[in-house]
Amino acid sequence: MDKKKSFLDEPVSEKFLVFGSPIITDDEIEEVVETLKSGWIGTGPRVHQFQEDFKGYVGADYAVALNSCTAALHLSLVASGIGPGDEVITTPMTFCATANAVIHTGATPVFADCGRDDMNIDPEEIRKKITPNTKAILPVHFAGRPCEMDAITAIAREHNLVVIEDCAHAVETKIGGRHAGTFGDFGCFSFYVNKNIITGEGGMVVTNREKDADAIKVLGLHGLTKDAWSRFSDVGYKHYKVILPGFKYNMMDLQAALGIRQLEKVDKYWQRRLAIWERYNEAFDGLPCFVPAPFKEGTTHACHLYTLLIDIDRLKCTRDDVLNYLTKMNIGTGVHYLALHSHPYYAETYGYKWGEFPNAE
């Protein structure tokens, strides 16, 4: 990076400003302590409460808490019957967990490019990727901006496809007052440590079909009958039966204790992030960069990631130059994301080449 008089030589903060540091207050700490004192730290009453609270918040009929959003995506795909020989259309502009969940079923992730401004999967690009092997669409509400769900669900109905919404960034996201995650067959949320509400690690599946919720429960706890979840309550002992080879994906009460208290503050935290978002827009106005696209009328953006793009032609340096300089200034940053087809595994395994998805690139 060329030296400019306006550049600083000393960090702007004595302490490194961590990217994505969570807010943990006394009520979360007290809830966790009470959980420890209760002696019930595995899957129990607090997980049940968190599920009830969360489904009420997003307006879904059923919610199943799991140990990650990756698990939520994986089990939603498995519960939908997705497997070897099937194709699932998703975006290359996402974290690797989205595609990996598809791969773990034996199916093939098929990428459709995103929009240049909103960074969300383009419905018209989805249409181009549909084949006789296509079984599902997996849109990602990137950075908390809602996808074009009316168009995506219309395509799904036309071709009899399952829709699994990746809502890892989108706890507060809405379209016309309706929460993301409730448009498709499944909505998958993340409570990882840098998300809008956190449980350290954790995820949630929401759905409006009881059979799907039951399937997720069975799959998420070793393939035990759904009644096995009752063994974690005090209603009386229940013998379990294994009905399929499931997974160990259940959430713990220790995690749910954080989630219960975090969810109570979700709107307050969103208002704070919105204020920071608007401050960023003001601060970056006129500089050699591109701020995120304006919010679409009738939608609520979760403001999870502020995706600033560097205008490298005007700034005369690379993105990584800027990253290194900000690190020197004790300012934490992240790159969200390097398009998936540019990573060695996906390029080598599926034959993707640079230039196929210009907007994501």
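The figures here come from the full heavy-atom set of this structure, side chains too, leaving out hydrogens, waters and symmetry mates.
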Residues, nucleotides or ligands: over 12 heavy atoms within 6.0 Å of Glu10 CD: no
Residue pair Ile121 / Ile152, side-chain heavy-atom distance below 4.5 Å: yes
Flag if over 12 foreign heavy atoms under 6.0 Å of CD, Glu158: yes
Test item: Thr207 side-chain N/O and Asp185 main-chain N/O as donor-acceptor pair under 3.5 Å: yes
Atom CG of Leu323 with >12 non-hydrogen neighbours under 6.0 angstrom: yes
Residues Tyr57, His179; criterion ring pair (Phe, Tyr, Trp, His ring centres under 6.0 Å); working and verdict: CA-CA 9 Å; Tyr57 174 73; His179 272 272; 4.7 Å; yes
Beyond-backbone contact of Ile89 with Ile130, side-chain heavy atoms, under 4.5 angstrom: yes
Within-4.5 Å side-chain heavy-atom neighbours: Asn120 and Arg145: yes
Ser76 side chain vs Ile164 backbone, donor-acceptor pair below 3.5 Å: no
Side-chain donor or acceptor of Gln271 paired with backbone N/O of Val266 under 3.5 Å: no
Salt bridge Glu356-Lys353, side-chain N to carboxylate O under 4.0 Å: no
Lys217/Glu210 ion pair, N-O < 4.0 Å: no
Flag if over 12 foreign heavy atoms under 6.0 Å of CZ, Arg279: no
Thr91 backbone acceptor or donor facing Thr94 side chain under 3.5 Å: no
Side-chain ion pair, Arg46 and Glu31, N-O less than 4.0 Å: yes
Asp86 side-chain N/O to Gly83 backbone N/O, donor-acceptor pair under 3.5 Å: yes
Electrostatic pair Glu124:Lys129 at N-O distance under 4.0 angstrom: no
His341/Phe111 aromatic ring centres below 6.0 Å: no
Stepwise side-chain contact (heavy atoms from CB on, under 4.5 Å) check, Val32 with Leu258: CA-CA 7 Å; Val32 170; Leu258 286 169; 4.0 Å; yes
Side chain Asp321, main chain Thr318, donor-acceptor under 3.5 Å: yes
Stepwise side chain to side chain donor-acceptor pair (under 3.5 Å) check, Asp320 with Tyr325: CA-CA 8 Å; Asp320 288 354; Tyr325 180 75; over 6 Å; no
Within-4.5 Å side-chain heavy-atom neighbours: Leu66 and Met251: no
Pair Tyr280 + Tyr306: ring centers closer than 6.0 Å: yes
Pairing of Arg261 and Glu30 as salt bridge, 4.0 angstrom limit: no
Beyond-backbone contact of Val205 with Leu75, side-chain heavy atoms, under 4.5 angstrom: no
Lys/Arg-Asp/Glu bridge criterion (N-O < 4.0 Å) met for Lys265, Asp27: yes
Member of Asp166, Thr307, Asp118 meeting the side-chain contact (heavy atoms from CB on, under 4.5 Å) criterion with Phe142: Thr307
Whether over 12 other heavy atoms sit under 6.0 Å from His222 NE2: yes
Centroid-centroid under 6.0 Å between Phe54 and Phe191 rings: yes
Phe19-Leu309 co-clustered via ILVMFWY side chain contacts under 4.5 Å: yes
Near-ring test Phe357/Tyr352, centroid separation under 6.0 angstrom: yes
Phe247 ring center within less than 6.0 Å of His74 ring center: yes
Asn330 (side chain) donor-acceptor with Ser13 (main chain) under 3.5 angstrom: yes
